[in-house]
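Heads up, the thing below is written out as structure tokens.
Heads up: numbering here begins at 1 and tracks the sequence. Ligands are counted one by one from 1 in listed order, and the atoms in each one are counted from 1 as well. Below, all heavy atoms of this structure are taken into account, side chains as well, without hydrogens, waters or symmetry copies.
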Amino acid sequence: MAHLTFLGGTDTVTGSKFLLAAGGRSLLVDCGMFQGPREVSQLNWQDPPFAAALPDEVLLTHAHIDHSGYLPRLVGRYAYEGPVRATAATADLLGVMLPDAARLQEETAEYLNRKGYSRHHPALPLYTPEDAERALRLLRPAPYHEWFPVPVGRARLADAGHILGAAHVTVEVEGHRLVFSGDVGRWGVPVLKDPEPPAGADLLLLESTYGGRDHPDDLDPDAALAAVVNRVAGRGGVMVIPAFAVGRSQEILFRLRRLEDEGRVPTLPVYLDSPMSIEATELYRAHVEEHDREMQALEQAGVAPFRPARLRLARTVEDSKRLNDLEPPFIVLSASGMATGGRVVHHLKRRLPFSQNLVAFVGYQAEGTLGRSLVDGAPRVHIHGDEVEVRAEVVMLDAFSAHADQGELLRWVQEAAPHRIALVHGEDEGRQALAAALRESFTGEVLLPARGDSLEL
Ligand SMILES: [Zn+2]
């Protein structure tokens, strides 16, 4: 008898964890951290149901922290020592991302203690950089498109087209076939291959982040980006692009370079101001097995795909500070994507008060973040304790997204032809909307599992 238990990534987007058990063995698919408001991030501190009997093996769909960031906790707190399988590119990205997540944990704990915000005990990090290093040593690269044994049966990975290394996972257990979608990317986006059709599934666990939305198809990311670059160049301003270090930064660099090659924008100095973005960009370049045809052709022609003509890398804090005094126009691409921290916050503080400047957001801005306030048109914001007037132009480039929308998910599902679908990784609205759309075209059962639910296969 095989069981699947939903431990996270159910009614919230984060904390993705699914435990598959059969014949006294178990496999944990994804090991994500809960992120977001306090009542969600709090869940990271509770003992997981498998604390007493750890999984025999972990298999990750991709490197995003909401799918992988609990791993150092599993290692540091519960002494997990089994193998962790992931694609080679995911393993490399984790080498950058998990130590960074640990540093962020430590900084946050220090900050809370310094400010005396922690009510009972000193605030602690969920894990340390040493825990992250130990977790990295458990990584075992798994191939794409080949069956390999896992404790409950066998598994196979296919391209998800979401970020470098992202896969969807098929697991066969006691004659049942399960597909874990991970996060499904988009079709026709440069750099990575498109999402592959999922193999016929008895049960499909389907992400529903944008289950309630259709990306407007009249929006062309290149045209949108070209328009803002030309505008800011014309008025001699600085353009600040807050972007996630992994994925979005590379897409922006690629599109800027291509727009320059096509003569659609002037060649402005472009500063990539994020050590993690710089490292991630190198990995995007190195993992040729992930590249789509256009990327392969560029590499063969000797074109550096992520290098606009006047690209500069700002590695150190001093490099970053020097940008404060540079003569505009230029472009700064820096993390974090929602301006909740990182170097981009300093650039915003410096550039927001001047009307010739422009801030372009290229990803979802969650409620309560500085990015969201700016996108919502706040006339002034607080940064590092100071009030900052917003006179710069702030735009949201809606054409960018790393998640499939409703129409794309429905098309993907058709190819899987599953008997049952469990909708995961969605806020309520997205899940309900996708469930309603599925019920129109899909005759099988549609489940909306809650955290802790278990089902027999
Ligand atoms: Zn993701």
Report task. Check all N, O or S atoms of H64 and name the one closest to the Zn ion (ligand 1). Result ->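 Answer by atom name: ND1.
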Query raised in the report: With the Zn ion (ligand 1) as the point of reference, which N/O/S atom of D183 is the closest?
Result: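 The D183 atom nearest to the Zn ion (ligand 1), restricting to N, O or S, is OD2.
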Query raised in the report: Can you tell me the angle formed at the Zn ion (ligand 1) by NE2 of H62 and NE2 of H162, to 10°?
Result: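 Computed angle, vertex at the Zn ion (ligand 1), rounded to 10 degrees: 100°.
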Closer than 4.0 angstrom, basic N to acidic O: yes or no for [X] and [Y]?
| X | Y | value |
| --- | --- | --- |
| D222 | R258 | yes |
| R134 | E130 | no |
| R25 | D56 | yes |
| R285 | E299 | yes |

Report whether any nitrogen, oxygen or sulfur of [X] sits less than 2.8 Å from the Zn ion (ligand 1) (N, O or S, backbone or side chain).
| X | result |
| --- | --- |
| H67 | no |
| D66 | no |
| H403 | no |

**Report entry** Trace of the side chain to side chain donor-acceptor pair (under 3.5 Å) decision for D376 with S373
**Finding:** CA-CA 5 Å; D376 285 348; S373 303; over 6 Å; no
